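I have placed the structure first, in the form of structure tokens, so that the comments after it can refer back to it.
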Amino acid sequence: MSLLDNLNPEQLAAVTLPDQHALILAGAGSGKTRVLTTRIAWLIQSGRTSPAGLLAVTFTNKAAKEMLTRLSAQLPINTRGMWVGTFHGLCNRFLRTHFREAGLPQLFQILDSQDQLSAVKRVLRSMNADEDKFPPRQVQYFINANKEEGRRPAQAEVFDDFSRRSVEFYAAYEEQCQKEGVVDFSELLLRTFELLSRNEVLRDHYRNRFRYILVDEFQDTNRLQYRWLKLLCGPASVMFAVGDDDQSIYRFRGANVGNMGDFERDFKVENVIRLEQNYRSHGHILSAANSLISNNSRRLGKNLWTAAGEGEQLRVYEAPSDGYEAAWIAEEVKNLVADGHLRRDIAVLYRSNAQSRVLEHALFSQGIPYRVYGGLRFFERLEIKHALAYLRLLASPEDDGAFLRVVNFPTRGIGARSIEQLQDAAKVHGTSLFAAVSHLSGKAGNSLAGFVRIIEDLRAATKDLPMPEVVEHMLEKSGLIRHYQAEREGADRIENLNELINAAAAFVQEDSREPAANDLASFLAHAVLESGENQAAEGMDALQMMTVHSAKGLEFHAVFITGLEEGLFPHEQSVNEEDGLEEERRLMYVAITRARTRLYLSFAQTRLLHGQTRYNVASRFIDEVPEGLLTWLTPRMRGQGAYAASSPMAPSVNDWSPSTSFAKPASRSSSSGHSWRIGQAVNHAKFGQGVIVSAEGAGADARLQINFGRQGMKWLALAYAKLEAA
DNA sequence: AATCCGTCTATTTTT
DNA sequence: TAGACGGATT
């Protein structure tokens with residue numbers, strides 16, 4: 001069987017493209033990964049390149065792994081040693097090889113965002129910065145934003161007091177990192193970029209080596225990543241970029257869709273191939289997605305189609321409250337399961353994590369197993385971070401961040417005063433904290449010397465031991481295990497620490513294909529760069545719950561898109577941002593295209609948010625789907641009267657669900673024979689549909705506050721406003 | 001060194 | 001409403 005069997009004409013064209021730069025606009029469910037891996041397999045099989053001659057970049061480790069797995073299924077080659085990985089993973093590999101030219105210690109450590117934040121805090125403290133005026137998070141963001149624009153402190157732009165001072169923090173932060181031998185995520189990229197820019201020999205070497213560069217999820221690249229690719233792509237190389245501008249949903253973290261257009265222009269791309277045939281969803285679902293996204297301007301343009309039938313219509317449900325919405329979902333999931341569907345093939349999507357709470361409550365009380373994606377990952381757990389800090393100290397004692405994390409954990413009588421003395425000594429002698437211990441005497445000196453001895457004994461004892469045993473010794477000698485044994489709730493933590501030994505064993509076995517200068521250092525890099533699975537353990541068949549963002553790339557038989565309310569989805573904060581609404585719409589597009597055969601859209605009139613009841617109007621995104629594709633499960637009408645009469649069911653949970661606003665005595669105002677209630681839906685000649693949020697005054701002075709969604713919140717005088725019940 | 005209490009904040013997330 | 005954080009208390 002040939003590689004090229006069963007490809008559609010566009011896929012085939014993409015896979016077998018001649019040696020020219022190409023942009024593949026790959027719609028949702030159009031076989032993007034297949035095209036990418038088959039292209040690689042085809043390049044190798046046809047002798048155009050050896051595995052070593054290509055570079056394939058992805059965004060997530062999951063995607064990289066998937067690519068390698070599929071590749072080895074297609075071709076009998078050894079994928080080890082191939083440059084397939086994430087931007088950060090590849091940069092790490094590059095910098096490990098060229099650490100000297102990059103001005104880094106051989107065993108440089110990598111900071112995750114958490115570590116970076118503590119590093120920034122230390123800088124701020126050492127400079128006596130007012131943390132109210134300069135919140136560490138914002139300074140961190142400032143630093144990263146500059147790095148992602150390729151700017152060092154000298155180039156950073158100053159436009160106000162905050163940025164003026166932040167540049168100083170940036171400079172101090174860099175100095176601190178350099179001294180401690182650590183690099184953050186953006187630094188991996190920037191260092192690599194700078195080294196390749198200034199070192200012609202190195203640059204030519206890699207340019208000659210990588211004749212084929214393939215990039216996945218191109219719409220997610222940031223400016224620096226794009227420049228990095230451009231630099232690496234030599235005159236004899238060709239770039240194959242795959243992406244979907246309609247699925248660009250990460251602008252808030254630096255992704256720049258504009259890179260797609262820039263790529264076309266900068267590389268004079270003549271081959272733009274659209275993969276528009278969708279193999280995932282039924283027709284009506286795709287029509288809904290197409291209609292919705294057509295409301296966006298500035299698209300590269302694409303229309304999905306399917307050979308499958310039209311399928312079902314989209315089902316729309318309006319609930320009186322978030323509690324009812326959740327209860328209805330639980331009920332509907334039960335029905336689906338009763339019809340023989342697997343829970344793991346059903347997803348409940350929401351815009352923000354806070355929404356999962358009510359949903360979980362309803363599912364839990366209905367006894368429906370579910371799994372919430374997101375949250376803490378393995379290597380981010382507190383006890384694991386502590387353990388890793390000990391390992392980092394073994395590899396590089398000058399890592400002050402690691403030192404501070406565990407010098408007094410488990411507690412060994414080293415207080416803030418001792419640390420202060422130590423920091424002074426380190427400053428005076430210009431050394432790391434670890435090295436400065438020898439300059440201290442007295443009580444502080446003694447206890448600190450005890451800590452240093454622990455680390456040094458550990459280093460001596462574990463020299464030449466295999467990784468899992470190093471970890472085991474560390475857990476023992478550091479006192480971490482003992483500490484958690486003494487703690488009442490420590491059982492889980494001990495389990496995780498033991499799991500770390502397994503992780504080390506697994507790493508040594510499978511993953512140590514890196515130029516293993518040092519097993520410990522590469523294991524630590526692995527821990528930071530792949531912080532582990534984001535989901536709970538497999539096994540039980542559980543309903544899948546996640547944000548729309550984390551659903552990208554996945555597909556399910558049935559999908560619930562919940563909380564479709566103005567202010568929530570689209571989110572109120574994004575409506576004010578430049579391009580914010582369009583990004584929200586792309587997010588909705590991603591959500592819709594996750595569904596194979598059944599899609600539910602739901603919203604609630606009332607929602608408890610931040611401890612306050614909010615009255616919302618249905619999302620405009622529902623209006624943007626053609627009426628003919630929708631089946632309303634509730635009357636297409638607003639107002640509780642209409643709802644209550646036809647409410648299909650009341651939640652069987654009782655202590656929490658029916659929204660408080662419907663239970664509490666509503667404040668009333670009346671005029672011209674009408675009676676108005678908080679929460680009631682109304683129509684206004686100019687502003688359209690809205691919901692009464694609050695009221696004040698009485699008689700002729702009565703005023704109502706009405707949420708008109710898109711038109712905003714208005715105060716209207718009841719005597720003048722022409723209102724009618726909706 | 002652990003615990004308590006008041007204050008603050010509250011999209012989205014990978015590396 | 002709830003959680004995270006920092007400062008003060010015991």
Side-chain angles (χ1 to χ4, degrees), chain A residues 57-64 85-92 110-118 121 125 131-132 135-137 141 144 147-148 183-190 216-217 220-222 224-225 248-255 322 349-358 361 373-377 379-380 382 408-416 483 486-488 525-534 546-553 563 567-577 580 583-584 586-588 590-591 607-614 656 660:
Chain A
V57 200
T58 64
F59 256 84
T60 62
N61 293 299
K62 198 174 153 202
T86 63
F87 281 100
H88 300 268
L90 295 173
C91 287
N92 176 48
I110 304 170
L111 304 183
D112 68 13
S113 334
Q114 241 185 330
D115 299 334
Q116 186 189 29
L117 184 62
S118 0
K121 281 183 183 165
R125 248 165 255 157
E131 296 203 3
D132 289 327
R137 281 191 177 284
Y141 177 85
N144 287 335
K147 288 192 180 187
E148 285 171 13
V183 298
D184 60 45
F185 285 134
S186 0
E187 187 70 27
L188 285 171
L189 259 299
L190 186 51
D216 189 19
E217 304 279 20
D220 286 340
T221 50
N222 65 31
L224 181 56
Q225 286 160 340
S248 161
I249 55 172
Y250 284 116
R251 209 185 51 130
F252 70 92
R253 69 175 195 212
D322 48 354
L349 308 184
Y350 36 82
R351 173 66 237 270
S352 63
N353 288 304
Q355 289 167 250
S356 75
R357 193 169 273 281
V358 218
H361 192 132
Y373 279 66
L376 264 199
R377 281 125 98 227
F379 288 108
E380 290 167 356
L382 198 66
N408 197 33
F409 192 94
T411 49
R412 32 180 89 86
I414 299 171
H483 175 263
E487 212 174 54
R488 31 211 189 305
H526 161 87
V528 182
L529 293 175
E530 306 191 37
S531 21
E533 281 300 313
N534 217 338
M546 64 194 85
T547 62
V548 180
H549 280 93
S550 29
K552 196 173 110 172
L568 233 204
F569 197 3
H571 198 279
E572 55 198 354
Q573 303 227 38
S574 58
V575 176
N576 308 319
E577 290 166 20
E583 177 131 326
E584 293 288 302
R586 292 192 287 270
L587 200 50
M588 182 66 182
V590 168
R607 184 174 295 277
L608 201 59
L609 199 61
H610 309 324
Q612 278 191 320
T613 307
R614 307 216 340 180
W656 57 282
T660 49

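None of the values given here were measured: they were computed from a predicted structure.
- Between A:Arg377 and A:Asp112 there is no salt bridge, since no side-chain nitrogen of the basic residue lies less than 4.0 Å from a carboxylate oxygen of the acidic one.
- A sub-4.0 Å separation between OP1 or OP2 of B:dT15 and a side-chain N or O of A:Asn61 is present.
- Between the C1' atom of B:dT15 and the CZ atom of A:Phe252 lies a distance of 13 Å, rounded to the nearest Å.
- Taking the side chain of A:Arg253 as heavy atoms from C-beta on, and the options B:dT13, B:dT15, B:dA2, the nearest nucleotide is B:dT13.
- Contact annotation for A:Phe87: no contact, since no heavy-atom pair falls under 4.0 Å across all strands.
- Protein atom CG of A:Leu188 is 17 Å distant from nucleotide atom P of B:dT14, rounded to whole Å.
- The interatomic distance linking A:Leu376 (CG) with B:dT13 (C1') rounds to 14 Å, in whole Å.
- Closest to the side chain of A:His571, out of B:dT11, B:dT15, B:dA2, is B:dT11.
- Between A:Phe252 and A:His549 the shortest side-chain heavy-atom distance falls below 4.5 Å.
- Counting non-hydrogen atoms under 4.0 angstrom, A:Glu584 reaches a base of the nucleic acid.
- Phosphate contact (OP1/OP2 of B:dT13, side-chain N/O of A:Arg251, threshold under 4.0 Å): absent.
- Residue A:Ser352 has its side chain nearest to B:dT11 when only B:dT11, C:dA2, B:dT15 are considered.
- Residues A:Phe87 and A:Leu189 come closest through the heavy atom pair CB-CD2, 4.2 Å.
- Between the CZ atom in A:Arg357 and the OH atom in A:Tyr350 there is a gap of 11.5 Å [rounded to 0.5 Å].
- Distance A:Phe379 CZ to B:dT14 P: 16 Å, rounded to the nearest Å.
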Could you walk me through whether A:Gln116 and A:Phe185 pass the side chain to side chain contact (heavy atoms under 4.5 Å, CB included) check? CA-CA 9 Å; A:Gln116 186 189 29; A:Phe185 285 134; over 6 Å; no
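- The side chain of A:Asn408 lies closest to B:dA1 when the candidates are B:dA1, B:dT12, B:dT15.
- Summarising the geometry, the separation between CD on A:Gln355 and C1' on C:dA2 is reported as 16 Å, rounded to the nearest angstrom.
- One C1' atom belongs to B:dT14, the other to C:dG3, and the distance between them is 24 Å to the nearest Å.
- Residue A:Asn353 is classed as a sugar-phosphate contact, given heavy-atom separations below 4.0 Å to backbone atoms only.
- At whole-Å resolution of the value, CG in A:Leu587 and C1' in B:dT11 are 10 Å apart.
- In this structure, A:His88 forms no aromatic stack with the base of B:dT15, since the conditions of centre separation below 5.5 Å and plane angle below 30° are not both met.
- For the OP1/OP2 pair of B:dT15 and a distance below 4.0 Å, the side-chain nitrogens and oxygens of A:Asn144 include no atom meeting the criterion.
- Taking the P atoms as reference points, C:dC5 lies 16 Å from B:dT12, given to the whole Å.
- A:Tyr373 has its OH atom 16 Å from the C1' atom of B:dT14, to the nearest Å.
- A salt bridge links A:Glu584 to A:Arg351: at least one charged side-chain nitrogen sits closer than 4.0 Å to a carboxylate oxygen.
- With B:dT15, B:dT11, C:dA2 as the candidates, the nucleotide lying closest to the side chain of A:Arg357 is C:dA2.
- A:Leu568 approaches A:Ser352 most closely through the heavy-atom pair CD2-OG, 4.1 Å.
- Within 4.0 Å of A:Asp132, counting heavy atoms only, lies no atom of the nucleic acid at all.
- Side-chain nitrogen and oxygen atoms of A:Ser550 include at least one within less than 4.0 Å of the OP1 or OP2 phosphate oxygen of B:dT13.
- Using a 4.0 Å heavy-atom distance criterion, A:Gly415 is classed as making no nucleic acid contact.
- Closest contact between the side chain of A:His549 and the listed nucleotides B:dT11, B:dT12, B:dT15 involves B:dT12.
- Side-chain N/O atoms of A:Thr547 include one lying less than 4.0 angstrom from OP1 or OP2 on B:dT13.
- Contact annotation for A:Ser186: no contact, since no heavy-atom pair falls under 4.0 Å across all strands.
- With DNA chain B read from its 5' end, the first of the two nearest nucleotides for A:Val528 and A:Arg412 is the one closest to A:Arg412.
- A:Glu148 comes within contact range of no nucleotide atom at all, as no heavy-atom separation falls under 4.0 Å.
- We find that CG of A:Leu349 is positioned 12 Å from P of B:dT13, with the value rounded to whole Å.
- Residue A:Arg377 places at least one side-chain N or O under 4.0 Å from the OP1 or OP2 atom of B:dT15.
- Residue-level contact check: A:Lys121 touches the backbone only, with heavy atoms under 4.0 Å from sugar-phosphate atoms and none from bases.
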